[in-house]
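Note sheet for the following structure.
Since the structure is predicted, the reported quantities are computational estimates derived from the model, not experimental observations.
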There are 2 protein chains.
Amino acid sequence: MRTQYSTRPREQVSAILKREQRYLSAAEIHGLLRKSRQNVSLSTVYRTLDLLAGKGEASARVDAGGETTYVVCDQTHHHHAVCRKCGKVQDVSCEAIESVASALRTHHGFKLADHEMQFFGTCGACK
Amino acid sequence: MRTQYSTRPREQVSAILKREQRYLSAAEIHGLLRKSRQNVSLSTVYRTLDLLAGKGEASARVDAGGETTYVVCDQTHHHHAVCRKCGKVQDVSCEAIESVASALRTHHGFKLADHEMQFFGTCGACK
DNA sequence: CTTAATTTGCGAATCATTCGCAGAATCATT
DNA sequence: AATGATTCTGCGAATGATTCGCAAATTAAG
């Protein structure tokens, strides 16, 4: 895999993700594409999602039913606030984590290297 | 399902979890049980893990390979600090989250209802 | 427009997890 | 400690998401 081709199917998948701004599974994306008569195979949807996640342009999350879902997001380190009503995902920066890191070190003798976080609630628009 | 029977296989699965103190998949637990000549079927391991997770006595996490893994933990709300060396999991209380919640409200107009967190690093014993 | 490299689509293969059901274990009562 | 009602277990088959293999189609570049 020397270079990476920019192809129609890949752009179609990316476009859906950019448009929706919420966590979508491969199957859902495939369904949305079919609705608008853009025939991209399910395999290609999967491959494209892996690619995007690998480049850090999308982030993955396994939902309650065990399906892996993806959202577009920027590449800096951050976290997601997921609205329980509309599903929309907002990026959240994470300075606050610093205080958690020092508490971990103090109380648990634990040296923090990495962390995962996810927030659920109601977004401004849905209130 | 009126009452719940206390059975050998269930206790054997719980015992492994209590002993290991780290995230284990159903298959791993099944393997560990076989090694010590305790034959519990894989189905029963799965069923027992669901039960424990349902009662809040264990908590589940999908690992990088897509397998669901479980640890024992107490029932109060808390988070996990996972050691990257030995895999051991420590419970971490979460007062620090309060400050994150207010920041979310202020900066993003987001009303926090729930959250997930997971920490990775090196535990005191492994340093 | 040719060629070499990468992608696609299809169906088949994988892998974790769930189900169905007959037989075994458990519990509460005699 | 024997009985009966209920809940478990084990097995193999079924499911469902994801991955693979490979031939045909696209892409980038000369």
Which one is paired to D:dA29, where only Watson-Crick or G-U wobble pairs with both distances under 3.5 angstrom count? C:dT2
From CG of A:Leu49 across to C1' of C:dT7 the rounded distance in Å is 15 Å
N/O donor-acceptor pair under 3.5 Å between A:Glu20 side chain and A:Leu17 backbone: no
Residues from residues 9-17 of chain B lying under 4.0 Å of DNA chain D - heavy atoms: B:Pro9, B:Arg10
Between A:Arg8 and the options A:Glu11, A:Gln12, A:Arg10, the side chain to side chain contact (heavy atoms under 4.5 Å, CB included) test singles out A:Gln12
Could you tell me whether a side-chain N or O of A:Gln75 sits under 3.5 Å from a main-chain N or O of A:Lys55, the two making a donor and an acceptor? yes
Separation of D:dG10 atom C1' from B:Gln38 atom CD, nearest Å, is 17 Å
Across all strands, who's sitting opposite C:dT29 as a Watson-Crick or G-U wobble pair, both distances under 3.5 Å? D:dA2
Which pairs, protein N/O on one side and nucleotides 16-22 of chain C N/O on the other, fall under 3.5 Å?
unit_1	atom_1	unit_2	atom_2	d
C:dT17	OP1	B:Thr68	N	3.0
C:dT17	OP1	B:Thr68	OG1	3.0
C:dT17	OP2	B:Tyr46	OH	2.4
C:dT17	O5'	B:Tyr46	OH	3.2
C:dC19	N4	B:Ser43	OG	3.4

Kindly give the atom pairs (protein nitrogen or oxygen, nucleotide nitrogen or oxygen) under 3.5 Å for nucleotides 26-29 of chain C.
unit_1	atom_1	unit_2	atom_2	d
C:dT26	O2	B:Tyr5	OH	3.2

Any donor and acceptor pair, going by atom type alone, linking the side chain of A:Thr44 with main-chain N or O of A:Val40 inside 3.5 Å? no
Within the structure provided, determine whether B:Arg61 and B:Glu67 are in side-chain contact (heavy-atom separation under 4.5 Å). no
